[in-house]
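This one's a predicted model, so the numbers in the text were calculated from it and none came from an experiment. The chain is numbered in sequence order, starting from 1.
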Amino acid sequence: MQVRVLPLSRWKGSEQSLVLLAAEGQPAPMGWKGGEASLKRLVALSRHESFAGRLGQVVILHPEGEDPARRVFLAGVGSLQILNPEVFRRAVAFACRAAARAGARGVSILFPERGDAAKIRRVAQALVEGAMLSQYRYAAYKTVAADPGSAPLDNVVILHPDDASGKDVGAGVAQGEVFCNAALLARDLVNEPPSALHPAKLAEKALKLGGRVRGKVHDQKTIERMGMGGIAGVGRGSANPPLLIQLRYQGSKPKARVALVGKGVTFDSGGLSLKPADSMETMKCDMAGAATVMAVMRAADQLKLPLLIDGYIPAVENMPSGTSLKPGDVVKMHNGRTVEVLNTDAEGRLILADTLAYAVKEKPDHVIDFATLTGAVIVALGPTVTGIMGNDKDLVNALLAAGETSGEPMWELPLVKDYAEGMKSRVADLRNIGPRREAGAIYGGLFLKEFVGTASWAHLDIAGTAFADKDGAYWPAGATGSPVRTIIQYLIKLAA
Ligand code: BES
Ligand code: MN
Ligand code: ZN
């Protein structure tokens with residue numbers, strides 16, 4: 001999608017449909033600059049359509065006749081008391097969806113707010129996010145053109161009032177584009193069919209991120225030589241060998257050193273502990289953590305953040321075969337600890353354990369891992385809240401705040417000390433599953449905690465949030481791109 005910023009004075013008015021936002025009980029659209037007469041007409045028309053300004057409500061008005069290029073999509077933002085970036089994201093998403101459904105190719109959005117520079121930027125970014133994220137489609141494998149009315153908008157113009165705020169609107173728009181392009185890259189990677197995006201293909205794409213993101217790939221032999229029994233073990237059941245992808249972005253005068261670790265299971269059949277058929281349908285999503293690392297690193301480069309970021313992606317296929325790990329097998333991890341694999345479907349923690357142990361050797365200031373780790377986190381928090389755990393309160397709080405800002409909510413789960421007993425094995429140091437069918441997300445976190453030593457660490461279980469069964473506020477069913485924008489937001493604050 002092309003996004004442009006235009007001062008109101010240079011807008012021709014006849015170019016394309018207009019999106020106006022309005023609050024409950026406030027008849028004038030936000031940011032309205034037109035004359036009294038046209039406002040009266042607009043308000044009368046919106047009354048006629050029973051427009052009440054509720055968030056989610058969009059009415060189509062024709063204040064200047066039937067010319068479709070002069071339609072107005074009037075979208076509600078709800079109460080002025082609870083306006084925040086997420087409200088703008090959603091209101092714009094509703095408006096853009098209505099416009100696309102009505103056959104528009106683009107819309108001009110009137111900038112709705114006034115305020116200080118920070119606020120103007122925040123709102124501008126939210127408008128762009130609502131537009132770009134809501135208009136995403138995964139069409140790589142479509143050979144038949146979309147039905148009229150289901151094609152997305154291909155351009156958006158942000159109309160800003162002709163005053164000093166133009167620079168800040170531009171800055172917010174530019175940042176919004178970087179955030180969205182990163183989230184959309186993650187969506188594309190996750191939506192890709194699993195046989196098209198096997199570990200080697202994922203590695204190829206990681207090495208081609210561009211900019212100052214450099215990378216190298218450790219092959220199966222190296223993984224074995226480095227004593228990474230988790231990655232080697234999970235990978236050995238597949239015809240596609242495992243890889244460990246290592247990326248680095250080095251900004252100038254880095255203020256902090258961060259390690260990002262992403263689960264890269266390009267397909268999770270469960271292995272010999274085979275999943276039922278319907279649970280496997282969406283298991284191409286099991287590399288969403290890897291996609292997060294790749295997308296965030298590209299954005300960090302585009303934003304030129306003064307940080308040193310190391311990205312680590314263990315890439316494997318979890319498959320059943322004559323060479324697969326068997327329940328009861330014991331593997332030795334990179335840090336020397338042994339793990340009894342009682343369920344081959346708890347494979348994510350095996351590959352992440354090796355990778356975390358490897359990542360902390362570089363002594364980063366913070367380590368954050370992203371993983372579609374447990375079905376249990378979906379039971380606990382549902383499809384739109386990420387489970388976060390960690391050993392550093394400040395890090396967890398900073399990530400929670402970033403999630404709030406980006407509209408990707410997270411909730412902290414406790415790493416209950418007493419439960420660690422439940423991860424002990426009779427024959428090895430640890431087992432890879434908890435003792436009973438309870439607290440599954442927490443047991444996943446507790447297992448990973450054993451491999452980070454004293455590093456400041458947070459774990460995001462994105463099993464529910466990275467992939468959606470149904471269309472959401474600004475994502476179609478499929479990959480959501482979560483938590484990419486949250487992590488970029490966190491890194492910006494860290495670098496500030
Ligand atoms: N990749 C799955 C978790 C998952 C479930 C992701 C649903 C996305 C949607 C993970 O590897 C897995 O299979 N976890 C097991 C762990 C169990 C065996 C301890 C699970 O959640 O059942
Ligand atoms: Mn699994
Ligand atoms: Zn998995």
Side-chain angles (χ1 to χ4, degrees), residues 194 198-199 220 223-224 227-244 263-287 289 314-357 369 371-379 419-451 459 461 463:
H198 48 70
Q220 184 167 23
I223 289 165
E224 282 163 11
M228 298 182 160
I231 304 175
V234 175
R236 80 181 198 215
S238 168
N240 293 311
L243 297 170
L244 175 60
K263 174 177 175 182
V265 176
T266 58
F267 184 70
D268 183 10
S269 72
L272 287 177
S273 310
L274 197 64
K275 287 182 184 294
D278 54 347
S279 309
M280 234 185 268
E281 280 178 14
T282 56
M283 278 305 134
K284 66 175 183 182
C285 81
D286 218 15
M287 37 57 72
V316 300
E317 252 182 6
N318 187 23
M319 298 293 281
S321 78
T323 56
S324 294
L325 275 177
K326 305 165 188 77
D329 273 346
V330 173
V331 293
K332 188 169 195 150
M333 308 306 235
H334 184 61
N335 68 349
R337 306 285 291 278
T338 55
V339 175
E340 184 185 16
V341 180
L342 290 172
N343 189 318
T344 64
D345 198 11
E347 84 295 343
R349 62 199 71 183
L350 297 175
I351 66 171
L352 289 171
D354 274 332
T355 312
L356 286 167
D369 77 72
T372 44
L373 202 70
T374 68
V377 81
I378 314 176
V379 175
Y419 295 179
E421 274 304 301
M423 296 305 291
K424 291 203 172 136
S425 157
R426 275 190 238 278
V427 299
D429 300 333
L430 290 167
R431 44 193 269 150
N432 78 328
I433 52 171
R436 282 176 298 271
R437 290 180 175 279
E438 59 186 35
I442 291 173
Y443 279 110
L446 283 169
F447 183 90
L448 298 181
K449 184 171 179 284
E450 297 294 322
F451 296 88
H459 156 61
D461 193 334

*Side chains of Asp429 and Thr338: is there a donor and an acceptor less than 3.5 Å apart?*
yes

*Taking C-beta and beyond as the side chain, do Leu244 and Pro314 meet within less than 4.5 Å on heavy atoms?*
yes

*List the atom of Arg349, the atom of Leu373, and the distance in Å for their closest heavy-atom pair.*
N-CD1, 3.7 Å

_Has Ser324 got a side-chain atom pairing as donor or acceptor with Gly271's backbone, closer than 3.5 angstrom?_
no

_Thr372 side-chain N/O to Lys263 backbone N/O, donor-acceptor pair under 3.5 Å_ = no

*Sub-4.5 Å side-chain heavy-atom contact between Asp369 and Phe451*: no

_How long is the straight-line distance from CD of Glu317 back to CG of Asp268, given to the nearest 0.5 Å?_
10.5 Å

_Is any side-chain heavy atom of Asn318 closer than 4.5 Å to one of Ser238?_
no

*Heavy-atom count around Lys275 NZ within 6.0 Å, excluding the residue itself: above 12?*
yes

*Glu450 and Asn335: which non-hydrogen atoms are nearest, and at how many Å?*
O-ND2, 3.9 Å

*Would you mind reporting whether Met280 and Leu274 have side-chain heavy atoms less than 4.5 Å apart?*
yes

_Side chain Asp329, main chain Lys326, donor-acceptor under 3.5 Å_ = yes

*For Ser425 and Glu340, work out which heavy atoms get closest and say how close.*
OG-OE1, 2.7 Å

*Once you round to the nearest 0.5 Å, how far does CG of Asn343 lie from CG of Asn432?*
6.5 Å

*Does the side chain of Phe267 come within less than 4.5 Å of His198's, by heavy atoms?*
no

_Is any side-chain heavy atom of Tyr443 closer than 4.5 Å to one of Pro435?_
yes

*Between Ala346 and Ile433, which heavy-atom pair has the shortest distance, and what is it?*
CB-CG2, 3.8 Å

_Stepwise side-chain contact (heavy atoms from CB on, under 4.5 Å) test for Leu350 and Leu325_ = CA-CA 11 Å; Leu350 297 175; Leu325 275 177; 4.3 Å; yes

*asked:* Distance check, rounded to the nearest 0.5 Å: His459 atom NE2 versus Phe447 atom CZ?
replied: 11.5 Å

*Where Val316 and Pro242 come nearest, the two heavy atoms and their spacing*: CG1-CB, 3.6 Å

*For Asp354 and Met333, indicate whether the former's side chain and the latter's backbone hold a donor-acceptor pair under 3.5 Å.*
no

*Which value, rounded to the nearest 0.5 Å, describes the distance between Ile223 atom CD1 and Met228 atom CE?*
7.5 Å

*Hey, what do you get for CZ (Arg236) to CD1 (Ile231), rounding to the nearest 0.5 Å?*
14.5 Å

*asked:* Could you report the tightest heavy-atom contact between Asp461 and Ala441, atom names first, then the distance?
replied: OD2-CB, 4.2 Å

*Any side-chain heavy atom of Leu272 within less than 4.5 Å of one from Pro320?*
yes

*Measuring from His334:NE2 to Thr355:OG1, what's the distance to the nearest 0.5 Å?*
9.5 Å

